[in-house]
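A short worksheet on the structure shown next.
Numbers for residues simply follow the sequence, beginning at 1. Model, not experiment: these values are computed from the prediction.
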Amino acid sequence: MRRTKLDRWSEELRDVRDPTALFGGSAQAGVLRLLTMAGKVPFRSAFDSLTLREQAIVRHLLGRQQLRLTAPGGDAPPAQFVLSHSALGKLTVHEPARGDLPVEKVVAELALPGWMIEMIDEECLPAQAEEEHQRHELDHMLHTWHTDGSLPERLEEVVDWVERVETVLIYVERRVFSRSDSGSSTLIRDGVLPALRARPPADWSPEERLFVAAIQLLFRTGRAVRFEEFNGRQLSAVNLRRVLTTRCAAYLQALGEQTTGQLSTATLAELAALAGDLVELVDGGGHVRYRRVNGLTYAKDEYLLPWEPGQRSQVELPLTLRTLTGVLPEPVDGEDASAWVRRATTAALRSAEAGDGERDLTRLLEGIVLGAVVDGRADYGMSSGIRDLSRLDGPAGEYGEDVAGLKKPDFFCCVLPSPEMAVDLPAATVTDILWQVAQRMMYNRWHFVPGNFDRAEVPRQRHYFFPPLVPDIGEWGDLRHGGHSTARVRYTLRAPGAAMWKQPFTVGGRQYRGAFDIRLVRMDGPPFTLDDLRTACRYAALVDVFWREIAAYADTHGGWTPTITSFTGDWYAKEAWREPVERLAVAEETVGVPA
């Protein structure tokens with residue numbers, strides 16, 4: 001019997017809220033447990049979800065072992081502070097005497113001495129004053145847009161952008177600004193943004209004014225995916241300035257340029273524009289941008305990994321590809337994996353054009369995917385793409401009928417288990433997991449294609465996401481996402497292609513990002529590391545060679561490309577995934593390595 005997302009999440013909430021854990025020790029231990037979902041959310045991210053006053057309260061609990069939480073509804077006089085824990089695992093601290101009443105499940109109460117409350121009040125006053133000061137700049141931006149007549153268009157842009165990312169879950173004080181399939185959806189479904197159309201910004205709430213202005217600035221730094229960096233956090237003017245300043249400083253440092261005091265005096269608009277300009281230079285240098293994704297908060301934090309371009313290619317030909325050399329070309333001395341994949345792809349294309357089918361091509365892709373699974377120590381892995389590459393061909397920038405007519409079945413996903421998973425789980429279970437994942441990835445790939453075109457080119461009724469651009473490492477994906485729960489997707493790696501340090505993938509005159517990838521999954525710990533990320537990126541580079549060679553072959557052969565017919569529901573039902581795994585087992589026995 002499958003355990004659903006709801007089953008898993010309910011179990012997690014019960015465990016985190018266990019009275020024995022909350023009331024058996026210090027208040028700081030209980031609060032940190034609720035705040036971080038028992039350590040599943042990094043403290044920094046969890047702390048950033050709190051309001052200014054809540055942060056001050058938590059800071060004063062740290063180190064004070066004598067303070068205790070009490071169960072709600074006791075016979076003692078009402079406590080000054082009430083702790084609420086939402087259905088999404090979000091901690092809020094309320095003060096009923098101030099009119100701040102909880103709306104979610106109350107799990108504990110907290111009493112603090114008067115002198116400590118005075119210190120909390122003292123800390124909050126200057127912090128609130130700084131926030132109000134910083135918000136004046138954002139309000140002035142909105143006023144300028146309202147005066148010059150551009151605000152209606154900018155508001156429509158924000159409405160559209162929030163639909164282009166998987167999840168928005170941003171807090172502005174007690175307000176929730178969200179667009180999520182697995183949580184609340186206040187922005188569009190509940191009408192928060194559409195309701196602003198009929199009102200001037202002076203009649204918007206302070207939280208609404210902050211959200212619209214901040215989203216406009218964040219988009220300038222790198223499209224709508226930047227919104228996800230505030231997921232599960234408080235969006236404030238102070239935090240916005242801090243994030244933009246830190247981003248600019250990190251980019252300048254990566255480029256070897258000295259930061260100056262100009263960052264501290266720049267306007268928010270200037271910081272956003274600078275970050276957007278620098279990011280392209282960073283992508284062409286000696287650092288790789290990547291993100292860490294938390295499945296509980298939906299936060300996606302960007303970091304920089306020092307990694308020289310010459311180290312980003314797979315040198316040695318993996319055993320999973322060497323098993324194919326009886327069918328595809330033998331390696332030659334001094335040939336690295338990329339060069340061999342290029343030759344092997346060309347040979348497979350010639351075979352397909354001669355009427356022998358696309359089996360050699362699919363074997364080649366299977367070898368790359370399985371190599372990534374083995375070297376990445378994953379339970380299973382995948383790579384998705386389009387079945388008929390000619391469907392992406394066309395004039396530069398033009399969203400034609402060929403692209404508009406694409407459907408989910410026009411895409412495929414090659415998902416393969418590790419040899420260990422193939423042995424440890426029943427074949428029917430393996431097949432079920434692989435086909436579930438394949439269908440989701442086909443849907444995603446279909447959703448990414450339109451994001452490569454100008455907005456004006458894509459029909460309004462065509463829903464799509466901006467394609468992924470940078471590698472990411474994810475954790476706890478199985479606790480919120482229904483598909484991830486049933487497919488046991490706890491820890492993930494994704495290396496999208498074409499990588500940002502490469503030219504876009506070009507088919508005819510059109511350029512694409514997010515057209516293919518390597519994704520790896522662990523159903524249990526440990527989480528993936530940066531070394532694993534490098535491995536995934538190197539294998540994604542082999543997939544990049546594979547697809548570019550197909551595109552180049554089409555350019556010189558009248559636009560002809562083979563159609564990949566494997567990796568359908570029938571392919572998985574017949575357990576065709578066994579063949580590459582068993583071929584690897586034979587090869588390992590031949591070279592004396594335990595299968």
Side-chain angles (χ1 to χ4, degrees), residues 45 47-55 90 92 100 124-147 150-162 165 167-180 184-188 190-247 266-273 275 297-299:
S45 178
F47 190 72
D48 286 347
S49 72
L50 301 174
T51 65
L52 288 173
R53 188 165 183 84
E54 288 170 337
Q55 288 182 345
K90 170 76 167 63
T92 50
D100 178 18
C124 288
L125 286 175
Q128 291 166 347
E130 174 63 13
E131 174 64 16
E132 291 177 10
H133 171 72
Q134 295 289 349
R135 286 198 189 189
H136 284 309
E137 184 177 344
L138 295 173
D139 283 340
H140 178 70
M141 284 174 48
L142 283 176
H143 175 73
T144 300
W145 297 339
H146 180 59
T147 302
S150 66
L151 183 58
E153 180 181 355
R154 293 179 183 274
L155 177 59
E156 293 308 314
E157 288 175 336
V158 172
V159 172
D160 188 67
W161 292 339
V162 299
V165 292
T167 300
V168 177
L169 182 64
I170 296 174
Y171 306 109
V172 183
E173 297 174 9
R174 290 281 192 243
R175 288 283 299 274
V176 180
F177 292 82
S178 61
R179 193 211 63 77
S180 171
S184 63
S185 294
T186 63
L187 288 168
I188 307 299
D190 295 347
V192 169
L193 290 178
L196 302 181
R197 292 168 174 152
R199 310 197 321 259
D203 292 341
W204 299 0
S205 71
E207 297 86 358
E208 292 164 345
R209 294 198 300 271
L210 169 65
F211 182 84
V212 172
I215 291 299
Q216 276 283 336
L217 292 180
L218 287 170
F219 190 87
R220 294 188 198 180
T221 72
R223 303 213 297 187
V225 294
R226 293 298 197 188
F227 311 164
E228 297 170 302
E229 295 175 17
F230 273 95
N231 278 349
R233 292 186 167 95
Q234 286 284 333
L235 174 61
S236 68
V238 169
N239 287 345
L240 178 63
R241 174 171 287 280
R242 175 177 55 81
V243 167
L244 293 177
T245 302
T246 301
R247 182 76 70 242
T267 66
L268 290 170
E270 290 169 342
L271 288 171
T297 63
Y298 307 110

With side chains defined as the heavy atoms from C-beta onward, is the minimum distance between Phe47 and Gln55 less than 4.5 Å?
yes
Sequence-distant partners of Glu54, salt bridge (charged side-chain N to carboxylate O under 4.0 Å, His left out), two or more places apart
Arg174
For Glu173, is there an ion pair with Arg135 - N to carboxylate O distance below 4.0 angstrom?
yes
Polar contact flag, side-chain donor to acceptor under 3.5 angstrom, Arg154-Ser150
yes
Out of the candidates Asp139, Ile215, Val172, only one should pair with Leu210 under the side chain to side chain contact (heavy atoms under 4.5 Å, CB included) rule; please name it.
Val172
For Phe211, the option from Phe230, Trp161, Phe177 that meets ring pair (Phe, Tyr, Trp, His ring centres under 6.0 Å)
Phe177
Verify whether one side chain among Gln234 and Ser236 offers a donor that lies under 3.5 Å from an acceptor in the other.
no
So, the side chain of Glu156 versus the backbone of Glu153: is there a donor-acceptor pair under 3.5 Å, distance only?
no
Sorted by chain and residue number, the side chain to side chain contact (heavy atoms under 4.5 Å, CB included) partners of Pro194 (sequence neighbours excluded) come out as Arg197
Establish, yes or no, whether the cationic atom of Arg209 lies under 6.0 Å from the six-membered ring centre of Trp204 and within 45° of the ring axis.
no
Would you say the side-chain atoms of Arg179 and Ser185 include a donor-acceptor pair closer than 3.5 Å?
no
Is there a donor-acceptor pair closer than 3.5 Å between any side-chain N or O of Ser180 and the backbone N or O of Thr167?
no
Do Glu132 and Gln128 get their side chains close enough for a donor-acceptor pair, meaning under 3.5 Å?
no
